[in-house]
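Here is the structure we will look at.
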Amino acid sequence: MNAKGPKPLDPNTGNVAVPSFLKVKKLNEVVSYYMNDKITHSVYKAIQAATSFKNVKKRQLFEPHHKVPEVGELGPKDIDLHLKRLLEDGTVSQLAYLISDSAEKQPEALPCYATFPESESLDLSRIYLELLDYSVSSLLSYLDRKPETSKTLLWENLESDLEWGARKEAPFPQLFLYLRQAFHNEHFRIPANPEFIKDFLFELEDDLHKKGRVIDVPGYGLFGIKNSKEAVQIMDYVDDFIQSKGTKQLRHVLMDEFQKIAMEEKLYYSNTSNPETTRFKTERAEAFAKALSGTPSPGTPGMLSVVLIRSLAELAEKELHKQSTERDRNRFHDIKRNLLSESGSWEKKVLLVPDKEFKSYPEELKRMLIDDLEIGYSTWETKTTTIHAFFHKNANSVRQIILSLGAATNVETWKILCIRQLVESNEPQIKSIFREPDLVKAYGKVLRKGYLDYFPWYYTLLDLIGIGRIFQDMFFAQAKEKIKGQQNQLKARNHETSKKEEQARIQEKIKEEEKIRSAEQKTKISSVMDEFYFKRSLPPTASEVQGNVGEFQADLYYQILDREKFVFIPWEKGKERMDQILCYPANESFRNKARELHRILSEKMEILQNKVRTAEEEDSRTRISKVIKHVDEWFASHKSSADKTTPQNGKAESGDPYESFRKEIDKLRKVDKT
């Protein structure tokens, strides 16, 4: 539905002008012939008596079915006659409000009438706003009662749209609110004022939009949602539909494009720090729209799925970003809570993360862990990788770590030294614990465990004869220097290893991007060929295709054709390569295009065979016969179980490369959500 523009301003006050339907005349402002009629006057008085701000909330404004005091029963035609007289005089205004009694039935509008509100205001604005509030509440109640849109229900409607399009008014009542149609019912024997409907719907839809309960789907209606999470779910359902139907009914023109999008999607999700996005669903929807016949627009068969994706994408993207942020925050709080756990074991209270794993963390999670003032952070170099180490700076927690390490046996030396590095790096914040003699003694015991491997071999002998302690401080100082030197060496080595891994990853990404670029080039050419073959039923020459891909220079264009193994078919007027018929690469993925080619070109050939042909049509017949022969020969040399009948009756090939992409992407997305 289209929102109207800014409201006009009153030239006298500069404020928003009061619409004409909210202005009514006082009885003494009109000289009315109709008021001489006793019944008309009685109807006016009944409307006047009911016109009040408080009556709106009770639904007690005058309605056509209400009784008129002083007049007995009035039939529909009679009451309509008198109401029309009052409307013509401008002494009453027809307003309306929306009601909803069930989740199965669309909300409907009911007309009501008001006169000049003598004691309350100068116009009907307050009453109008109250009718709006009541109507919004009715619609919210309706949306609350409706169950969430299930995949089954959505697919049923999308299937119907794909087959028939939106051929009738309000064609999908299970999906959309059709508010404009709500004013066209048996209650409006006197048609509603178009200006009123326009203004009322604008305000109504604006309010529902602000409350986040509807999405405007251009050309169809208002799509009700319970929350932004449902928008994400609906997009998933629609994307599944497009992939299911697109890879069946339009497989011959969508296969290359969908495969290229799948390559981009796989590359994106291979970086586990990337959040989930609607981008690839939107790209598939646009490719699907392009593949639909003619110039697709809202109402065209199949376009409902596309327009739904377009309309929901922004809200769903924001929701996915919000979910990603919440996931990172929750994961951070889980880690922080575990570091402060009541367990006395040091293993529960220290987080040690290898560099490769740490790099896979989302950027926001890494930032929160490193920047949090209550969490201590440092790195430690092992022989194979850099370790990112974290603990909570809470004094009691650090005390438990030291005591637990002192009591533990068989703890790897590097872990002890890594925790020592954590303690020393954050000593200013935890120095209070080292005022405790027993803890200082325990910490010394822990350090001795860590440094022992760096003491001279003869330290054990000296300790046995009771003089080891005399040299202990000297050995400690030497051990620290050895550890420092070793850390510097390991840091340089690990940095170099990490750099090589990063370079390898970048090179792999470049290769994947190059594959995507090549696939995109191939897809652009195939897309132009699809236009010739499937929409015009005319096999094109290489030069005719080139004329429609102007972004490729001639050299590059023929390089792409050679690289992707496009097929050149000679014919009577195509001795030179540029004048030869261009056909799709004759690899295994050609199978589905070939079936559709055979069907479409055979039908066109039959038409051309049975008529007197012009020179242009004779050329077309020759081209078609050459391509049909090529397709027949290809099928003869590429038999499969699906080809035991004629080419056009075959089924989708098993081992579909696009399906394998989908499975890989699903795995990557599941990893991202964990």
Side-chain angles (χ1 to χ4, degrees), residues 18-27 34 39-71 73-101 105-142 177 179-205 207:
V18 177
S20 60
F21 60 82
L22 294 181
K23 296 176 182 176
V24 284
K25 298 174 184 176
K26 295 180 182 179
L27 201 54
Y34 296 132
I39 297 177
T40 302
H41 193 264
S42 296
V43 172
Y44 175 82
K45 287 200 297 183
I47 297 172
Q48 186 180 48
T51 301
S52 72
F53 179 67
K54 54 184 164 188
N55 274 356
V56 181
K57 294 190 177 187
K58 302 175 188 174
R59 284 180 56 187
Q60 289 180 355
L61 289 179
F62 185 84
E63 296 180 22
H65 59 86
H66 288 175
K67 289 184 179 179
V68 179
E70 306 173 7
V71 176
E73 292 290 330
L74 286 175
K77 288 185 179 179
D78 293 326
I79 190 69
D80 290 351
L81 169 68
H82 299 292
L83 288 172
K84 284 176 181 177
R85 287 176 170 182
L86 296 172
L87 288 169
E88 186 180 329
D89 277 346
T91 53
V92 304
S93 179
Q94 185 199 58
L95 305 174
Y97 62 94
L98 288 167
I99 62 166
S100 171
D101 298 324
K105 185 182 175 185
Q106 285 264 328
E108 67 175 0
L110 295 177
C112 56
Y113 293 83
T115 65
F116 192 88
E118 291 280 359
S119 61
E120 298 187 14
S121 61
L122 297 175
D123 56 51
L124 298 172
S125 294
R126 288 187 67 199
I127 289 174
Y128 174 69
L129 293 175
E130 194 61 35
L131 287 171
L132 266 172
D133 285 346
Y134 182 87
S135 299
V136 169
S137 296
S138 294
L139 289 174
L140 290 175
S141 176
Y142 169 76
L177 279 170
L179 299 185
R180 189 169 298 279
Q181 284 75 12
F183 291 87
H184 301 291
N185 59 48
E186 68 276 11
H187 302 292
F188 285 88
R189 297 188 301 270
I190 300 174
N193 183 336
E195 187 186 357
F196 169 81
I197 294 176
K198 183 179 179 183
D199 195 276
F200 191 78
L201 290 181
F202 174 82
E203 298 293 350
L204 200 64
E205 292 171 22
D207 206 337

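The minimum heavy-atom distance between Val71 and Ser42, with the atom names listed, is CG2-CB, 3.5 Å. Shortest non-hydrogen contact noted between Ala182 and Glu108 is CB-CA, 4.1 Å. When every heavy atom of Glu195 is checked against every heavy atom of Phe21, the shortest pair comes out as O-CE2, 3.7 Å. What you find for Ser100 and Ser138 is that their closest heavy atoms are CB-O, 3.9 Å. What you find for Pro117 and Leu124 is that their closest heavy atoms are CD-CD2, 3.8 Å. Across Ala46 and Val68, no two heavy atoms sit closer than the pair CB-CG1, 4.2 Å.
Annotation: side chain of Pro64 is in contact with side chain of Pro111 (closest heavy-atom distance under 4.5 Å). Looking at heavy atoms from C-beta onward, Tyr113 lies out of side-chain contact with Leu61 at the 4.5 angstrom threshold. Taking 4.5 Å as the limit, some side-chain heavy atom of Leu110 sits within range of a side-chain heavy atom of Arg59. Annotation: side chain of Leu177 is in contact with side chain of Tyr142 (closest heavy-atom distance under 4.5 Å). Here the side chains of Val56 and Arg126 are not in contact, with every heavy-atom distance at 4.5 Å or above. Residues Gln48 and Leu27 have side chains not in contact (no heavy-atom distance under 4.5 Å, counting atoms from C-beta outward). Between Leu86 and Thr91 the shortest side-chain heavy-atom distance falls below 4.5 Å. Looking at heavy atoms from C-beta onward, Tyr128 lies out of side-chain contact with Val18 at the 4.5 angstrom threshold.
Looking only at distances, no side-chain donor or acceptor of Asp80 sits under 3.5 Å from a matching main-chain atom of Ile190. Although no hydrogens or angles enter the test, the distance criterion places a donor-acceptor pair under 3.5 Å between the side chain of Ser135 and the main chain of Leu98. With Ser93 contributing its side chain and Val24 its backbone, the two residues share no donor-acceptor pair below 3.5 Å.
Note that CG of Asp133 and CD of Glu130 are 5.5 Å apart. Values are rounded to the nearest 0.5 Å. Note that CG of Leu179 and CD1 of Ile197 are 11.0 Å apart. Values are rounded to the nearest 0.5 Å. Within the model, atoms NZ of Lys45 and CD1 of Ile47 stand 12.5 Å from one another, a figure rounded to the nearest 0.5 Å. Between His82 atom NE2 and Ile39 atom CD1 the span is 4.5 Å, to the nearest 0.5 Å. Residue Gln94 holds its CD atom at 11.0 Å from CD of Glu63, rounded to the nearest 0.5 Å. Once rounded to the nearest 0.5 Å, the distance linking CG of Leu22 with OG of Ser125 reads 5.0 Å.
A tilted orientation is assigned to the rings of Tyr44 and His41, their planes being inclined by 30° to 60°. Between Phe188 and Phe183, the ring planes lie tilted relative to each other; the angle falls in the 30° to 60° range.
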Could you walk me through whether Phe196 and Leu95 pass the side chain to side chain contact (heavy atoms under 4.5 Å, CB included) test, one step at a time?
CA-CA 7 Å; Phe196 169 81; Leu95 305 174; 4.0 Å; yes
Derivation and outcome, side chain to side chain contact (heavy atoms under 4.5 Å, CB included), residues Asn193 and Phe200:
CA-CA 10 Å; Asn193 183 336; Phe200 191 78; over 6 Å; no
